[in-house]
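Owing to the predicted nature of the structure, the values given are computational and were not obtained by experimental measurement.
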Amino acid sequence: MGKIAFLFAGQGDQRSGMGKDIYCSYPSAAAVFDTLEEIRPYTKEQCFNGSEEILKQTKNTQPCLYALEAAYSRILTENGIVPFCTAGFSLGEIAACSLAGIFSLEDGFRLVIKRAEFMEEDSLKKDTFMAAVLKLEESDLFEICKNFRGIYPVNFNCPGQISVSGIQKEKEEFFEYVKKNGGRVVPLNVSGAFHSPFMEKASRKFALELEGFALNKPIIPIYSDKTGELYAEDIKELLSQQIKSPVRWEKIIRNMILSGVDTFIEIGPGKTLTNMIKKTDKNVRAYSVCNLDEVLKEVTPC
C-alpha cells in the first residue's frame, strides 16, 4: 500500500440516522459528538433523528456533517490509519483543516456554524438550484452556459461530471439545452447555489469571521478546493473565497495521485466522492466509511 488520503464529503448525502451507529459503538466517536453538542445543542438529535427537511437546511446540514466527519476521522486515526494528506469537498474542507491542525475540533465547528448561517442567508435571497451535468466535456458546458445569465459551472468533480449553480427561472431551459447537446442533468439535494457569485456576501462575511481566529500551519499536506493545489500561506483567503469559487476536485485527486497516493478514504455519510475517484482513476483504491468494517479490515496497518 502506498500513501493514504482522507477526503471529507460536502453536502448532498446527508440522511436521518447518520452517526447513531458509531456513537453507540465507539467511545471516541461519542466523545466528539458530545463535545460539539455542548457548543451547538440538538446537533446529535438532528443527526440521529432529523427529518430530510431539517437536514436539508444549510444551517443544520453543515454542522451535522462536520460532527459526523470528525467522529469518523477520530475512529480511523485511533485505529492507526493515518493520512499522508487530506482535502475536503466544500464544507468538508473545514473538517480537513481541523484534521490538519489548522484549527481545533471546536473552533472548526464554530466556524462551520457561522459559515452555514452566512450561506443559508444568501441562498434565501434568490430562488436557485444546483445540478450535476453528466456526459459533457468542460468546453461544451461552458458554451451552453454562455446562453444563460444566471447559470455557472462550479464544481469540476471528475471526467464527465461538472456541477452547476443557477437561478431557478432558467433551470428548465438549461436542462433542455444540456439534453439537446447529449448530456444529462441530475438535481442536487442542497438548498442554495453554492460556489457561485450568488454566495458573494457569505464569502465576505466568512472572511471577517476568520479574522477572529488564529490559524496554525498544517501538520499534514492539505489541498485547496479553490486552486486544486496544496495550501500555501493564504489559508484565510482560500477558505473564504472557496464559498463563492468553483471546486477543483478532479485536479485535487490527480495531484494527490501524482504525490504517491493510491488509497483514498471518503469520510462522510455517502459514496459520492468514492464514485468520483473511481471515474478519475481506476488504478487507485477508494473506500467509504459507510463500509467502516471494510475500511478497518483493509486499510488498518498490521
Could you pull out every donor-acceptor pair under 3.5 Å between side chains of residues 127-139 and any protein atom, sequence neighbours left out?
from, atom 1, to, atom 2, distance (Å)
Thr128, OG1, Ala193, N, 3.3

**Fill in**
Joining Ile, Leu, Val, Met, Phe, Trp and Tyr whenever any side-chain heavy atoms lie under 4.5 Å apart, the cluster holding Val261 also takes in Leu7, Phe84, Phe89, Tyr223, Leu230, Val247, Trp249, Ile252, Ile253, Met256, Ile257, Phe264, Leu273, Met276, Ile277, Val284

Would a 4.5 Å heavy-atom cut-off, applied to side chains only, mark [X] and [Y] as touching?
X      : Y      : value
Ile162 : Asn157 : no
Val289 : Ile265 : yes
Pro218 : Ile235 : yes
Arg115 : Leu91  : yes
Ile81  : Leu296 : yes
Pro269 : Cys290 : no
Thr86  : Pro221 : no
Leu141 : Cys145 : yes

[X] side chain to [Y] main-chain N or O, any donor-acceptor pair under 3.5 Å?
X      : Y      : value
Glu250 : Phe156 : no
Thr300 : Lys297 : no
Thr35  : Ala31  : yes
Tyr231 : Leu238 : no
Ser196 : Tyr152 : no
Thr61  : Gln57  : yes
Lys3   : Ser259 : yes

**Message:** Between Arg204 and Glu200, does any side-chain N to carboxylate O distance fall below 4.0 Å?
**Reply:** yes

Closest heavy-atom contact between [X] and [Y]?
X      : Y      : value
Glu266 : Ala9   : OE2-CB, 4.0 Å
Ser28  : Ile75  : OG-CG1, 4.0 Å
Ser163 : Leu188 : OG-CD1, 3.8 Å
Ile22  : Ala71  : CD1-CB, 4.0 Å
Gly108 : Tyr66  : CA-OH, 3.4 Å
Gly101 : Ile219 : N-CG1, 4.3 Å

**Message:** For Phe194 and Asn155: C-alpha separation, side-chain torsions, deciding distance, then whether side chain to side chain contact (heavy atoms under 4.5 Å, CB included) applies.
**Reply:** CA-CA 9 Å; Phe194 306 136; Asn155 299 338; over 6 Å; no

Value rounded to 0.5 Å, distance of [atom1] in [X] from [atom2] in [Y]:
X      : Y      : atom1 : atom2 : value
Cys85  : Asn255 : SG    : CG    : 10.0 Å
Arg248 : Arg254 : CZ    : CZ    : 14.0 Å
Leu239 : Asp234 : CG    : CG    : 9.5 Å
Leu111 : Glu106 : CG    : CD    : 12.0 Å
Leu76  : Leu292 : CG    : CG    : 6.5 Å
Phe118 : Phe206 : CZ    : CZ    : 8.0 Å

**Item:** By side chain to side chain donor-acceptor pair (under 3.5 Å) - contacts of Ser191 (at least two apart)
**Value:** Thr58

**Prompt:** Glu45: what forms a side chain to side chain donor-acceptor pair (under 3.5 Å) with it, not counting sequence neighbours?
**Reply:** Asn49

**Request:** Test side chain to side chain donor-acceptor pair (under 3.5 Å) on Ser90 and His195 and set out the steps.
**Result:** CA-CA 8 Å; Ser90 188; His195 303 289; 2.6 Å; yes

Applying side-chain contact (heavy atoms from CB on, under 4.5 Å), can you list everything that pairs with [X], at least two apart in sequence or on another chain?
X      : value
Ile54  : Gln46, Ser51, Asn60
Lys56  : Asn189
Lys44  : Tyr23, Phe33, Asp34, Glu37, Phe48
Lys236 : Leu210, Glu211, Leu215

**Request:** Walk me through it: do Gln14 and Met18 pass the test side chain to side chain contact (heavy atoms under 4.5 Å, CB included)?
**Result:** CA-CA 7 Å; Gln14 63 273 0; Met18 59 183 185; 4.1 Å; yes

**Request:** Say whether Tyr72 and Arg74, considering side chains only, have a donor N or O and an acceptor N or O under 3.5 Å apart.
**Result:** no

**Asked** Side chains of Thr272 and Asp13: donor-acceptor distance under 3.5 Å anywhere?
**Response** yes

**Request:** For Arg15, enumerate each residue passing the salt bridge (Lys or Arg N to Asp or Glu O under 4.0 Å) test, keeping only those at least two apart in sequence or located in another chain.
**Result:** none

**Request:** For Tyr42, look at atom OH and say whether over 12 heavy atoms of other residues, nucleotides or ligands are found less than 6.0 Å away.
**Result:** no

**Asked** Any salt bridge (charged side-chain N to carboxylate O under 4.0 Å, His left out) pairs touching residues 221-231, not counting sequence neighbours?
**Response** Glu229-Lys251

**Residue pair Met199, Ser165: steps toward the side chain to side chain contact (heavy atoms under 4.5 Å, CB included) verdict** = CA-CA 10 Å; Met199 293 288 121; Ser165 286; over 6 Å; no

**Request:** Determine, stepwise, if the pair Tyr26 / Asp21 fulfils side chain to side chain contact (heavy atoms under 4.5 Å, CB included).
**Result:** CA-CA 8 Å; Tyr26 293 91; Asp21 54 343; over 6 Å; no

**Of all pairs that satisfy side-chain hydrogen bond (donor to acceptor under 3.5 Å, both in side chains), the ones with a partner from residues 117-126, not counting sequence neighbours** = Lys114-Glu117, Glu121-Lys205, Asp122-Lys125

**Pairs touching residues 169-188 that satisfy side-chain hydrogen bond (donor to acceptor under 3.5 Å, both in side chains), sequence neighbours left out** = none

